[in-house]
Amino acid sequence: MPRQSKVELYAAIRRDARAGISGRALQAKYGVGWRTVQAATSSVWPTERRQYPKRGSKLDPFKAFIDEVLREDLAAPKKQKHTVKRLNARLIDERDMSGVSYQTVRDYVAERKPQIRAEAGRGPAEVFIRQTHRPGEEAEVDFGDVTIRLRGELLVVCLFALRLSFSGKAVHRCFLSAGQEAFFEGHAHAFEVLGGVPFGKARYDNLRAAVSRVLGFARLREESDRWTAFRSHYDLDAFYCQPGISGAHEKGGVEGQIGWFRRNHFVPIPEVESIDELNEMIDAWDIADEQRRIGARPRTIGELFAAEKPLLKPLPDEPFETGRWFTPRVDKFSQVTIRTNRYSVPVRLIGRQVRVLLHANHLAVFDGRTEVARHERLPAKAGTRLDLDHYLEGLLRKPGALPGATALEQARLAGKFTPVHESWWAAARRTHGERDGTRALIEVLLLHRHLPHEQVVAGLAAALRAGALTADAVALEARKTGETLPAEHRVVDLDEPGQVSSLTQRRIASLPPDRRPIPSVAAYDQLLRRTPTTKGSSA
């Protein structure tokens with residue numbers, strides 16, 4: 001049996017505590033104290049301990065020789081193959097092996113011998129056994145690749161699928177990567193849609209998001225700590241398939257489901273502006289798929305799921321944080337590096353340490369408890385995603401850096417820096433010079449922080465028509481445009497002559513008419529007609 005980690009111990013204690021076992025019984029069963037039981041029932045995470053580097057084995061220099069001998073034995077006569085005793089003797093005599101026990105050699109041979117036989121195609125004949133699934137008992141989980149057109153560019157994304165084995169009800173989700181964050185978010189979304197968790201097992205490949213190490217060809221696995229904590233939170237039991245192509249047959253339902261979903265919903269290739277838009281489409285497709293029948297089944301997926309849903313285990317009261325926290329330091333380019341990719345943050349944070357919450361499709365940057373930046377996650381490695389707004393304060397001091405700025409080029413490609421911006425900037429530089437004209441543009445870009453993008457663009461167009469090349473004029477026209485028509489109904493005509501009004505005139509014109517009667521001062525006239533009395537006179 002593999003060594004049980006502390007996270008697995010906590011998960012086992014929590015599982016038995018849910019079953020009603022008392023604290024005293026838990027202490028006796030697991031040989032732990034009262035404090036350990038209390039800590040396990042209050043949190044899925046144990047207190048972090050210092051990690052020491054893993055030591056290498058003295059057998060490492062001789063593993064290649066052992067593998068070579070085992071491969072030669074595949075062609076040797078049945079009664080003239082190497083035993084572990086003979087192999088150990090050869091290692092001592094021919095390879096001068098010392099300090100390695102016989103048990104260590106035997107364990108390695110027991111692990112490698114079946115693997116080498118399988119690599120040479122010497123495994124046993126494969127048999128397929130038809131299975132019957134009880135409602136709410138089992139589920140199957142897998143990832144698949146699909147191609148989409150994201151903002152006009154072809155991109156391969158990861159399609160997560162969780163399928164209930166009895167009804168065939170499947171929940172899908174697209175992510176920019178197949179990392180652990182996507183693995184957890186896919187589960188959390190699926191359980192929320194299904195309204196519960198299977199009470200039996202969920203079948204998985206040996207993917208790195210869950211399995212740290214496969215122990216031979218047995219069902220034993222060393223799981224990652226975060227995955228163990230996630231399973232403990234949802235009270236989910238995992239079943240890992242055999243490695244390789246043979247393991248795909250053990251969860252053939254979800255393998256076929258991903259292929260069917262890809263052929264029926266991703267042909268032709270969908271065109272979307274964001275991953276969130278694609279996932280909204282996928283949610284609608286999942287609901288529509290409940291009306292179909294699988295094979296010759298007499299009932300639809302939705303009808304079978306209606307009978308299965310009440311049997312699922314209820315969801316936990318508190319959500320599990322599927323994202324992963326990082327604490328990078330902002331470099332001199334006002335960027336943070338997360339898994340080889342760089343993302344921009346406001347320039348005021350240069351040199352400071354920030355917190356980054358990485359999700360499957362996006363990441364959020366926090367300064368203390370305040371969110372200061374949010375980016376869509378980059379799907380590739382060694383990429384850069386910059387927001388021009390984060391650099392505006394720095395560009396006010398260095399306006400000459402704007403024309404060649406990478407953030408400006410990315411803003412152009414994203415459609416945030418429009419041809420109207422370009423035209424107004426060119427006119428401002430001709431009128432005020434390179435430095436002052438660029439500074440005026442930067443002041444205009446600052447307007448995007450508190451005005452809608454379309455409204456600022458309309459203000460730029462109106463100011464350009466009137467020849468008003470100052471940020472104040474653009475702000476005035478942008479606000480005036482926002483008060484007249486909604487942004488979605490505005491049409492900007494650069495050839496139509498216009499006029500920029502003053503702020504005072506605009507405010508007076510926007511005041512409602514005053515229909516109140518003119519106030520009267522007749523009540524005060526009696527004070528003027530009253531004669532003061534003389535001292536000593538009688539009333």
Side-chain angles (χ1 to χ4, degrees), residues 138-165 167-194 197-198 202-211 227 230 236 238 240-241 245 247-292 294 301 305 322-324 339 358-363 376-381:
E138 289 190 5
E140 300 173 1
V141 179
D142 201 4
F143 275 106
D145 293 336
V146 293
T147 301
I148 64 171
R149 195 176 296 276
L150 181 62
R151 293 186 287 271
E153 296 184 4
L154 287 177
L155 180 66
V156 178
V157 296
C158 301
L159 177 66
F160 173 90
L162 186 147
R163 180 182 184 272
L164 295 177
S165 300
S167 63
K169 168 65 177 176
V171 181
H172 304 83
R173 201 77 170 166
C174 265
F175 300 102
L176 293 173
S177 71
Q180 197 174 64
E181 298 82 20
F183 188 58
F184 289 172
E185 287 183 28
H187 277 82
H189 172 71
F191 294 152
E192 191 69 28
V193 172
L194 297 176
V197 181
R203 296 176 178 265
Y204 299 93
D205 282 332
N206 300 280
L207 64 171
R208 291 294 300 274
V211 177
W227 171 236
F230 183 89
L236 180 66
Y240 298 106
C241 301
I245 190 63
H249 301 304
E250 297 183 354
K251 54 178 184 59
V254 72
E255 296 276 355
Q257 170 66 31
I258 289 178
W260 184 92
F261 198 81
R262 183 193 293 120
R263 292 188 298 271
N264 286 271
H265 296 301
F266 286 84
V267 178
I269 297 175
E271 300 184 11
V272 294
E273 293 298 319
S274 67
I275 292 294
D276 292 337
E277 179 185 347
L278 176 63
N279 283 325
E280 291 178 1
M281 298 166 58
I282 289 175
D283 291 341
W285 294 338
D286 284 343
I287 295 174
D289 287 345
E290 292 184 1
Q291 304 303 318
R292 72 181 180 95
I294 299 176
I301 293 175
F305 176 63
T322 58
R324 174 166 289 187
R339 289 184 175 173
L358 179 67
H359 288 280
N361 292 330
H362 71 276
L363 60 88
E376 185 180 274
R377 183 170 174 173
L378 289 165
K381 293 183 178 181

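Being a predicted model, the structure only gives us computed values, none of them experimental.
For P198 against L164, the heavy-atom pair with the smallest separation is CG-CD2, 4.0 Å. When all heavy atoms are compared, the tightest approach of L162 to H187 is CD1-CD2, 4.0 Å. Heavy atoms only, all atoms of each residue included: T322 and A188 are closest at CG2-CB, 4.3 Å. Across I258 and G144, no two heavy atoms sit closer than the pair CD1-N, 3.9 Å. C174 and V146 make their closest contact through SG-CG2, 4.0 Å (heavy atoms, listed as atom of the first residue, atom of the second, distance). The heavy-atom pair separating D289 from I301 by the smallest distance is O-CD1, 3.7 Å.
The side chain to side chain donor-acceptor pair (under 3.5 Å) test with E185 singles out one residue from Q180, R173, H359, and that residue is H359. When each of W260, F266, W285, F261 is paired with H172, the ring-ring contact (aromatic ring centres under 6.0 Å, His included) condition holds for F261 and for no other.
Although no hydrogens or angles enter the test, the distance criterion places a donor-acceptor pair under 3.5 Å between the side chain of E140 and the main chain of G253. No donor-acceptor pair closer than 3.5 Å links the side chain of E138 to the backbone N or O of A202.
Ring orientation note: the planes of W227 and F230 are close to parallel, at an angle under 30° on the 30°/60° scale.
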Check step by step if side-chain contact (heavy atoms from CB on, under 4.5 Å) holds for D286 and V193. CA-CA 10 Å; D286 284 343; V193 172; over 6 Å; no
Criterion side-chain contact (heavy atoms from CB on, under 4.5 Å) on N361 and N279, from CA distance to verdict: CA-CA 11 Å; N361 292 330; N279 283 325; 3.9 Å; yes
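Atom CG of L278 and atom NE2 of H265 lie 12.0 Å apart (nearest 0.5 Å). With rounding to the nearest 0.5 angstrom, the OG atom of S177 is 11.0 Å from the CG atom of L378.
You'll find the side chain of Q257 stays beyond 4.5 Å of the side chain of I294, heavy atoms only.
Using modelled atom types and a 3.5 Å distance limit, the side chains of H362 and D276 yield no donor-acceptor pair.
E290 is linked by a salt bridge (charged side-chain N to carboxylate O under 4.0 Å, His left out) to K169, counting only residues two or more places apart in sequence or in another chain.
Note on R203 versus E255: no salt bridge recorded, every NZ/NE/NH1/NH2 to OD/OE distance being 4.0 Å or above.
A ring-centre distance under 6.0 Å is found for F183 and Y204.
With a 6.0 Å radius and a threshold of 12 heavy atoms from other residues, nucleotides or ligands, E192 has its CD atom at or below the threshold.
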Solution key, residues 147-161 side-chain donor-acceptor pairs under 3.5 Å, sequence neighbours excluded:
residue: R151; atom: NH1; partner: E273; partner atom: O; Å: 2.7
residue: R151; atom: NH2; partner: E376; partner atom: OE2; Å: 2.7

